[in-house]
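Residues take their numbers from the sequence shown, with the count starting at 1.
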Amino acid sequence: MKLKDLYSKPINRAVNPAVSATKFDPETERIEIQEYVFTDEIINGLFRILDAIKNNKSFAHVGIWIDGYYGSGKSHFLKYLDYCITPSTREDAVSRLLDAVKAIDPLDEKHNLSSITTSCSLSPTG
């Protein structure tokens with residue numbers, strides 16, 4: 001067996017080493033949506049923000065704060081959030097997020113998906 005046979009995607013595909021907040025051509029959008037890696041913290045953050053936007057929830061403060069070390073993915077998180085709320089990319093971005101959630105075994109104790117409840121319903125179309 002060869003190393004390339006272990007991966008589900010071609011290992012010689014183009015992947016941007018860093019996200020650009022100003023690059024929004026269709027190919028970049030497609031790659032960034034398809035290559036985004038969801039962690040529990042990212043899933044929780046996206047669901048909490050998207051649920052607040054969708055349901056017009058009020059909080060004790062205005063705005064959100066994205067915090068993390070250099071290179072931790074703050075810009076990519078924000079750009080993915082933008083993909084989730086922009087009409088032209090919403091369906092693909094939210095579908096990928098929902099697929100990532102569905103892929104998690106609810107009985108697997110390694111995951112901590114605190115923001116996702118039965119009352120939080122997101123759909124790619126609105």
Worksheet item: Are I31 and L97 grouped together when hydrophobic residues (ILVMFWY) are joined by side-chain heavy atoms under 4.5 angstrom apart?
Response: no
Worksheet item: Is V37 reachable from I42 through a run of I, L, V, M, F, W or Y residues, each pair having side-chain heavy atoms under 4.5 Å apart?
Response: no
Discussion item. Please determine whether residues L78 and V19 belong to a single hydrophobic cluster, defined as Ile, Leu, Val, Met, Phe, Trp and Tyr linked transitively by side-chain heavy-atom distances below 4.5 Å.
Written reply: no
Discussion item. Same cluster or not: V101 versus I33, using hydrophobic residues (I, L, V, M, F, W, Y) connected whenever any side-chain heavy atoms lie under 4.5 Å apart?
Written reply: yes
Worksheet item: Tell me, do L81 and I66 make a side-chain contact under 4.5 Å, heavy atoms counted?
Response: no
Worksheet item: Given side chains that start at C-beta, do those of I49 and I53 come closer than 4.5 Å, heavy atoms only?
Response: yes
Fill in: Between SG on residue C84 and CD on residue E91, distance to nearest 0.5 Å
12.5 Å
Worksheet entry | Selection residues 21-36 - residue pairs positive for side chain to side chain donor-acceptor pair (under 3.5 Å), sequence neighbours left out | R13-E35, S20-T22, D25-T28, E27-R30, E32-K79, E32-Y83
Fill in: Residues forming a side-chain contact (heavy atoms from CB on, under 4.5 Å) with D5, sequence neighbours excluded
M1, K2
Item to complete: Give the intermediate values and the outcome of side chain to side chain contact (heavy atoms under 4.5 Å, CB included) for residues L6 and I11.
Response: CA-CA 10 Å; L6 296 174; I11 60 174; over 6 Å; no
Discussion item. Using side chain to side chain contact (heavy atoms under 4.5 Å, CB included), reason through K74 and Y69 one step at a time and then give a plain yes or no.
Written reply: CA-CA 8 Å; K74 299 177 299 294; Y69 294 106; 5.9 Å; no
Item to complete: Report yes if some heavy atom in the side chain of F24 is under 4.5 Å from a heavy atom in the side chain of T89; otherwise report no.
Response: no
